[in-house]
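One structure below.
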Amino acid sequence: MNINIRRVKMHQYRSHTCSQLRSSDVDSTIRLSGWVHRKRDHGGLLFIDLRDHYGLTQIVIDCDSPNFQRAEEVRAESVISIDGTVVARTDDTVNKNLPTGEIEIHVSSIEVLNHAEELPLPVFGEQDYPEDTRLKYRFLDLRRERIHKNMVLRSDVITSIRRRMTDQGFKEYQTPILTASSPEGARDFLVPSRMHPGKFYALPQAPQQFKQLLMVAGFDRYFQIAPCFRDEDARADRSPGEFYQLDMEMSFATQEDVFAAIEPVMEGIFREFSDKKVTAAPFPRITFKESMLKYGNDKPDLRNPIIIQDVTEAFRGSGFGIFAGMIEKGAVVRAVVAEGTGVRPRSFFDKMNDWARSEGFAGLGYINIKEGEAKGPIAKNIGEEKLAQLTQQLELGDNDGVFFACGKENEAAKLAGLARTKVGHDLELIKDDEFKFCWIVDFPMYEYDEEAKKLDFSHNPFSMPQGGMEALNTMDPEDILGYQYDIVCNGIELSSGAIRNHQPELMYKAFELAGYSKEVVEDKFSGMLNAFKFGAPPHGGIAPGIDRIVMLLANEPNIREVILFPMNQKAEDLMMNAPAAAENTQLRELHIRTMIPEVKEE
RNA sequence: GGGGGUGUAGCUCAGUUGGUUAGAGCGCUGCCCUGUCACGGCAGAGGUCGCGAGUUCGAGUCUCGUCACUCUCGCCA
């Protein structure tokens, strides 16, 4: 058989990939391997689109060919290897949608390397499929064009990040996976110790302590594409269980040094992997306080042009009794202007109020101005003078609508923030052609925990308080700011970071204010605290979430679309069947007995 | 743990005020087809309508419960 003679000269599986061949290759004898993407059977003539990671090539088999029957029988997604000749397509059969569309392969032999059974999930086409089916047959799902591309993008992004970091003198180090609980506030994943009955390792929620120890160890500039493990419930932008961070830390660094190191990486990768506009470094710095006022949260979507205003004074002592009364008890009023909505029917405003109630708030007030005339219960009762004051402050036009959130400062800010987002979204004010970055800075070190009735850290307890020991000794703890910052893009928090507290005395004091004794601190964080007693450099860092960055770049609304093998919302791996019960012998070795809560029968 | 949405063929979905034998497209099986690239044509198989109760002469449709998936709140500094 002449085929076998050719095989001696050629690679066993392929001479080219499925995206390589062009009209310049016409008349070449080639070998391709790949998946049967699509078959078009004309009876006397059969076309197969052969697919691999790189692309598609059209294969043609004539009914005269001894391979015809085998080709006709092979099912989509089977893996085949073909030998053949590259032939130019006639002008009227060229496919301009394919890079290889000017040629096709006339087959001399076909070998089926692996038969595919009937598919639970078609690879061809763009149709949506149930999440659980996709996860169970992830290997099929991942063959599909869009998600396959996402994973390639993810790989390219990570490569680019590594290059950009190392170009700046950062070095990548690996930190332990089996370790002790770290200071993040999430639930730990625990791993039982065989050698130490009753004791457990924790998987790192982040390499936080290790990267700080690396600074103490004098490595100066560290980074890692670091896996992080947190046993918390999932969200659309939060994978259950595990995720990846671009973890970085630098010593002898100020907050501005950290910003200057990370800004070009962010700007660079977003420009490299997207056609959208990208904020040019330096990114805007917005204080936490200003962000809460203007945007109603600490992760503002700056694409939304609406800016919230405080209008407490316009309602104080006004004829609108509900708000005036609440203001006397310390409430504030925040306004969200919805330009041009004044002419909308009353139902528009009622629906917004219903929405606010469904979000758990008391309600959302409004004024709508129709051809210069202010309408609605607030406009009727507030009084002419106050109405004029509002109109002037908010620069209201003749047909504008405006919503009011009244409540305790936190509540009002939160509702106004949600309303800002909703109005921006509903009125289509948020243009999806841009990545708008900003830093949120000056987070408070502490906040009062209403449930526990005690002061607690509002962010990372290891952050350096602004003003140092003097601030801790003299200021109202709730007024103390930290060198803590978030980087935000289009309303998504990509990361928190901080300049760390590297002085033991400051740390004891900072923890003392939150109600932790010296003994507790020493017990919980002995490794790091010890290190700070033997010469620790000032240091700080940040850890942007890789999955969220790729999500933004791939324009995917769900984080599972950029993760190869994600778990479902209940933290189950449907493909590998994890978690699973352990064998008794395993449990015995680990000195563990399970206590499974009783499940209702049937 | 709370709230919302969804659940009908392998997949995507339709199914009227409760009324005979639950439909379509893709996929699958068989036959036909030599220029398609979402090929086309003919025929066929495939359904405990998520599950369990209830109301009713009669339930895919109404009620209650339950399960699964998903979004969301809590949680995640």
Side-chain angles (χ1 to χ4, degrees), chain A residues 37-51 56-65 68 72-73 75-77 87 89-98 100-101 104 106 116-137 140-141 182-188 205-206 208 228-241 243 298 358-360 414 418 443-447 449 451 456-463 482 484-486 493 495-498 514 543 545 557-558 560 568-570 572 574 599-602:
Chain A
H37 187 62
R38 197 82 180 146
K39 257 173 31 178
R40 291 175 295 280
D41 189 348
H42 290 242
L45 183 70
L46 173 64
F47 298 98
I48 292 176
D49 290 337
L50 192 66
R51 184 195 74 236
L56 289 174
T57 300
Q58 176 164 282
I59 311 299
V60 190
I61 302 135
D62 195 277
C63 60
D64 302 336
S65 162
F68 189 79
E72 220 175 14
E73 281 167 5
R75 189 172 283 154
E77 294 308 311
V87 176
R89 299 203 201 180
T90 58
D91 286 347
D92 57 326
T93 59
V94 164
N95 185 347
K96 292 202 168 72
N97 300 321
L98 281 183
T100 60
E104 61 196 12
H106 287 199
E117 292 180 8
E118 193 180 335
L119 301 169
L121 165 85
V123 171
F124 174 78
E126 297 249 319
Q127 201 156 23
D128 282 333
Y129 295 94
E131 194 79 27
D132 46 341
T133 310
R134 294 182 56 199
L135 293 179
K136 183 167 180 188
Y137 299 98
L140 285 178
D141 193 35
S182 55
E184 286 79 11
R187 260 188 298 273
D188 287 317
Q205 295 185 26
Q208 182 66 36
C228 305
F229 305 90
R230 297 179 191 180
D231 189 3
E232 295 292 349
D233 289 352
R235 284 290 180 279
D237 65 351
R238 206 168 73 205
S239 193
F243 59 98
D298 60 0
S358 74
E359 293 282 322
K414 191 177 170 196
L418 292 170
F443 277 84
M445 278 293 287
Y446 301 98
E447 66 188 355
D449 184 336
E451 263 181 44
D456 205 352
F457 291 106
S458 65
H459 243 56
N460 185 335
F462 291 167
S463 300
Q484 299 175 154
Y485 36 83
D486 281 4
E493 180 198 316
S495 175
S496 287
N558 192 300
R560 288 187 293 270
N568 69 5
Q569 195 172 328
K570 287 187 172 168
E572 296 164 314
L574 298 174
V599 189
K600 278 178 242 164
E601 286 297 309
E602 289 287 288

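A, B, ... follow the sequence lines: proteins, then strands. Residue 1 opens every chain.
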Check your understanding: Aromatic ring centroids of A:Y446 and A:F457 under 6.0 Å?
Key -> yes
Selected nucleotide, minimal atom distance to [X] side chain, candidates [options]:
{"X": "A:A236", "options": "B:G1, B:C71, B:U36", "result": "B:C71"}
{"X": "A:Y129", "options": "B:A77, B:U12, B:U36", "result": "B:U12"}
{"X": "A:Q205", "options": "B:A77, B:C37, B:C69", "result": "B:A77"}
{"X": "A:K570", "options": "B:G27, B:A77, B:C69", "result": "B:C69"}
{"X": "A:E131", "options": "B:A77, B:C33, B:U70", "result": "B:U70"}
{"X": "A:N558", "options": "B:U34, B:C69, B:C71", "result": "B:C71"}
{"X": "A:E232", "options": "B:C11, B:U36, B:C76", "result": "B:C76"}
{"X": "A:F47", "options": "B:U36, B:C37, B:C33", "result": "B:U36"}
{"X": "A:R75", "options": "B:C37, B:U29, B:U70", "result": "B:U29"}
{"X": "A:R235", "options": "B:C39, B:U34, B:G74", "result": "B:G74"}

Exercise for review: Using a strict cut-off of less than 4.0 Å between a Lys/Arg side-chain nitrogen and an Asp/Glu carboxylate oxygen, indicate whether A:E77 and A:R51 qualify as a salt bridge.
Suggested key: yes
Closer than 3.5 angstrom, by distance alone: can the side chain of [X] be matched with the main-chain N or O of [Y] as a donor-acceptor pair?
{"X": "A:T100", "Y": "A:L56", "value": "yes"}
{"X": "A:K39", "Y": "A:E72", "value": "yes"}
{"X": "A:S458", "Y": "A:P444", "value": "yes"}

Practice item. Kindly indicate whether the side chain of A:E118 and the base of B:U29 share any N or O donor-acceptor pair separated by less than 3.5 Å? Key: no
**Study point:** Side-chain donor/acceptor contact of A:E104 with base of B:G35 under 3.5 Å
**Key:** yes
Distance check, [atom1] atoms only: [N] and [M], in whole angstrom units.
{"N": "B:G65", "M": "B:G2", "atom1": "P", "result": "13 Å"}
{"N": "B:A24", "M": "B:C33", "atom1": "P", "result": "27 Å"}
{"N": "B:U61", "M": "B:G50", "atom1": "C1'", "result": "16 Å"}
{"N": "B:G46", "M": "B:G30", "atom1": "C1'", "result": "15 Å"}
{"N": "B:C76", "M": "B:C28", "atom1": "C1'", "result": "46 Å"}
{"N": "B:G23", "M": "B:A9", "atom1": "P", "result": "14 Å"}
{"N": "B:G4", "M": "B:U66", "atom1": "P", "result": "13 Å"}

Review point. Does the ring of A:H42 lie flat against the base of B:C39, closer than 5.5 Å centre to centre with planes under 30°?
Key: yes
Review point. Between A:P122 and A:E72, who's closer to the 5' end of RNA chain B by nearest nucleotide?
Key: A:P122
**Study point:** Most 5' of A:S463 and A:P130 on RNA chain B, judged by nearest nucleotide
**Key:** A:P130
Check your understanding: Less than 4.5 Å apart, any side-chain heavy atom of A:R187 and any of A:E232?
Key -> yes
